[in-house]
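Below: the structure, in structure tokens.
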Amino acid sequence: MQTVTLIPGDGIGPEITESVTRILKEAGAQIDWDIQNAGADVIEKEGTPLPDRVIDSIKKNKVALKAPVTTPIGKGFRSVNVQLRKALDLYANLRPCKNIDGIKTRFNNVDLVIVRENTEDLYAGIERQVDEDTAESIKIITRKASLRIAEFAFEYAVKNNRKLVTAVSKANICKLSDGLFLNCVREISQKYPQIEYKEILVDNLCMQLVQNPEKFDVLVLPNLYGDIVSDLCAGLIGGLGIAQGANIGLNAAVFEPVHGSAPDIKGQNKANPTALLLSAIEMLRYINQNTIAEKIEKSLLKTIKEGIYLTPDLGGTSTTVEYTTAIINNL
Ligand code: NAI
């Protein structure tokens, strides 16, 4: 038995968490969940959306599965996600993006991995109101963070038999900050002659991704471009409902989908749990429960390929619960 921190989140979080924990249980995963609520729902009781107990639990267990948590726009608390990534130094955000058989999209040859720097850039949260009509936000890029995310990307490429790493920036405009990022990736690329290395500006990347996504393999990006490009790539393979992710640091890893708490469909039993399930499958591999991971993955892919039970975001009419039951029946 392995103890894993479970953050059910808010919005559609609890619904998809229920689905995923049901599937893992039925598949025989050897997991003891340490349930830690966070987000809007705990603010009233505990005065913060991210109580210390959540961070302590992940520090102790070293691995967590996390459903999305709402960040109110404008004033209020800082994003739970950003705080969590900072507190645990989860510096690498890994988002594999691959077509799934049975989900119709414009492309059938997408197989890329986004490696997003997770701790700095505009997410450093250094903002000020200069005067009533002017606000300023500071973008931080450091050599240390850029080198280690570059190293992570190349190591990932080597271990996963990937051939090409592309560094993404806007170094023509942000000459110092993105320039530093790019120089660091370039420096690390020298240590990996077996991996092809390319550079691209983020605007050009967006255009090329929607024309020829097969040209890309591993993408390494600063935080904000990584965030935006992740959603774009999710769109290439069928939407946010199937886009998985992981935040990885030296001492802990938090597995979570790319999507947010989807307040527009909260409580309607129509959220797609696939992104959280795929994240959970990677988590199972991370804790060496590979056989269970494979069993669930096979059943998930079979269910999608059959196309009988699909949630509305994938063009189906099934509820979250019906889709979940179909996956369990296919185990
Ligand atoms: P969102 O990802 O929650 O939703 C965007 C669109 O995709 C919506 O139409 C939604 O219904 C749909 N969608 C997302 N996930 C889906 C799923 N599993 N099944 C079916 N449809 C799905 O993005 P939005 O609306 O910008 O953000 C909502 C809240 O989530 C915000 O407070 C944001 O800060 C937070 N958020 C949290 C994240 C996290 O906890 N890691 C990541 C991204 C956003």
Side-chain angles (χ1 to χ4, degrees), residues 5-20 23 36-43 49-50 54 58 64-88 90 93-95 100 103 114 116 118-119 122-123 125 223-224 226-248 253-280 283 300 304 309-324 327:
T5 303
L6 178 67
I7 303 173
D10 52 36
I12 59 168
E15 299 165 56
I16 57 174
T17 300
E18 167 70 24
S19 157
V20 168
I23 295 167
Q36 297 289 337
N37 290 311
D41 299 349
V42 307
I43 294 177
L50 184 62
V54 182
I58 303 175
L65 181 65
K66 177 185 162 296
V69 172
T70 306
T71 301
I73 292 178
K75 47 188 177 273
F77 292 95
R78 265 192 91 192
S79 156
V80 166
N81 308 305
V82 175
Q83 281 188 65
L84 204 59
R85 292 167 192 171
K86 273 207 119 163
L88 297 162
L90 304 171
N93 191 332
L94 188 64
R95 293 174 161 183
I100 295 181
I103 298 178
I114 293 166
R116 165 185 170 192
N118 226 1
T119 60
L122 283 166
Y123 287 73
N223 209 342
L224 184 63
D227 184 22
I228 298 166
V229 170
S230 298
D231 273 32
L232 188 160
C233 289
L236 294 177
I237 56 162
L240 283 169
I242 55 168
Q244 60 174 306
N247 301 289
I248 299 174
V254 175
F255 294 81
E256 65 172 344
V258 171
H259 65 74
S261 55
D264 52 335
I265 55 165
K266 171 189 173 182
Q268 296 173 30
N269 194 16
K270 63 183 189 190
N272 188 348
T274 307
L276 184 64
L277 185 58
L278 285 167
S279 308
M283 181 208 74
L300 168 68
I304 293 177
Y309 297 97
L310 293 178
T311 45
D313 59 304
L314 297 182
T317 53
S318 300
T319 62
T320 311
V321 173
E322 286 164 348
Y323 176 66
T324 304
I327 295 171

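What you are looking at is a predicted structure, and each value in this text was computed from that prediction instead of being measured. Note that ligands are numbered from 1 as they come in the structure, with each ligand's atoms numbered from 1 the same way.
Against a heavy-atom cut-off of under 4.0 Å, Pro263 is close to the following atoms of ligand 1: 28 (C). Here is the list of ligand 1 atoms found below 4.0 Å of a heavy atom in Ile265: 11 (O), 20 (C), 21 (N). Below 4.0 Å from some heavy atom of Asn272 lie the following atoms of ligand 1, by number and element: 17 (C), 18 (N), 19 (N), 20 (C). The distance from ligand 1 to the heavy atoms of Ile12 drops below 4.0 Å at these ligand atoms: 17 (C), 18 (N). Residue-ligand proximity, Leu240 to ligand 1, at heavy-atom distances under 4.0 Å covers atoms 2 (O), 5 (C), 7 (O). The atoms of ligand 1 that sit less than 4.0 Å from any heavy atom of Lys66 are 39 (C), 40 (O), 41 (N). Short contacts between ligand 1 and Thr70, defined as distances under 4.0 Å to a heavy atom of the residue, involve ligand atoms 32 (O).
For Lys86, there are no side chain to side chain donor-acceptor pair (under 3.5 Å) partners, not counting sequence neighbours.
Under a 3.5 Å cut-off, the side chain of Asp10 and the backbone N or O of Thr70 do form a donor-acceptor pair. Under the 3.5 Å distance criterion, the side-chain polar atoms of Glu322 are matched with a main-chain donor or acceptor of Thr319. Without hydrogens or angle criteria, Thr320 side chain to Lys270 main chain gives a donor-acceptor distance under 3.5 Å. The closest donor-acceptor contact from the side chain of Asn93 to the backbone of Gly245 lies at 3.5 Å or more, if one exists at all.
Residue Arg85 places no N or O, backbone or side chain, under 3.5 Å from any N or O of ligand 1. In terms of N/O distances under 3.5 Å, ligand 1 is not approached by Pro257. Between Val69 and ligand 1, an N or O atom pair is found at a separation short of 3.5 Å. Below 3.5 Å of separation, one finds no N or O of Lys270 facing any N or O of ligand 1. Considering both main-chain and side-chain atoms, Gly260 comes within under 3.5 Å of ligand 1 through a nitrogen or oxygen pair.
Contact annotation: for Thr71 versus ligand 1, heavy atoms closer than 4.0 Å belong to both the backbone and the side chain. With a heavy-atom cut-off of 4.0 Å, Asn81 touches ligand 1 through its side chain alone. Residue contacts with ligand 1, taken as heavy atom pairs separated by less than 4.0 Å, do not involve Ala275 at all. When heavy-atom distances to ligand 1 are checked against a 4.0 Å cut-off, Leu276 has no atom that comes that close, whether in backbone or side chain.
Summarising the local packing, OH of Tyr309 is surrounded by 12 or fewer heavy atoms from other residues, nucleotides or ligands at distances under 6.0 Å.
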(request) Under the side-chain contact (heavy atoms from CB on, under 4.5 Å) rule, what do Leu84 and Asn247 come out as? Steps first, then yes or no, please. (result) CA-CA 10 Å; Leu84 204 59; Asn247 301 289; over 6 Å; no
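The shortest side-chain heavy-atom distance between Ile16 and Pro68 falls under the 4.5 Å cut-off.
Side-chain contact annotation: Tyr323 with Thr274, donor-acceptor N/O pair under 3.5 Å present.
Residue pairs meeting the side chain to side chain donor-acceptor pair (under 3.5 Å) criterion with at least one partner in residues 234-245, sequence neighbours excluded, are absent.
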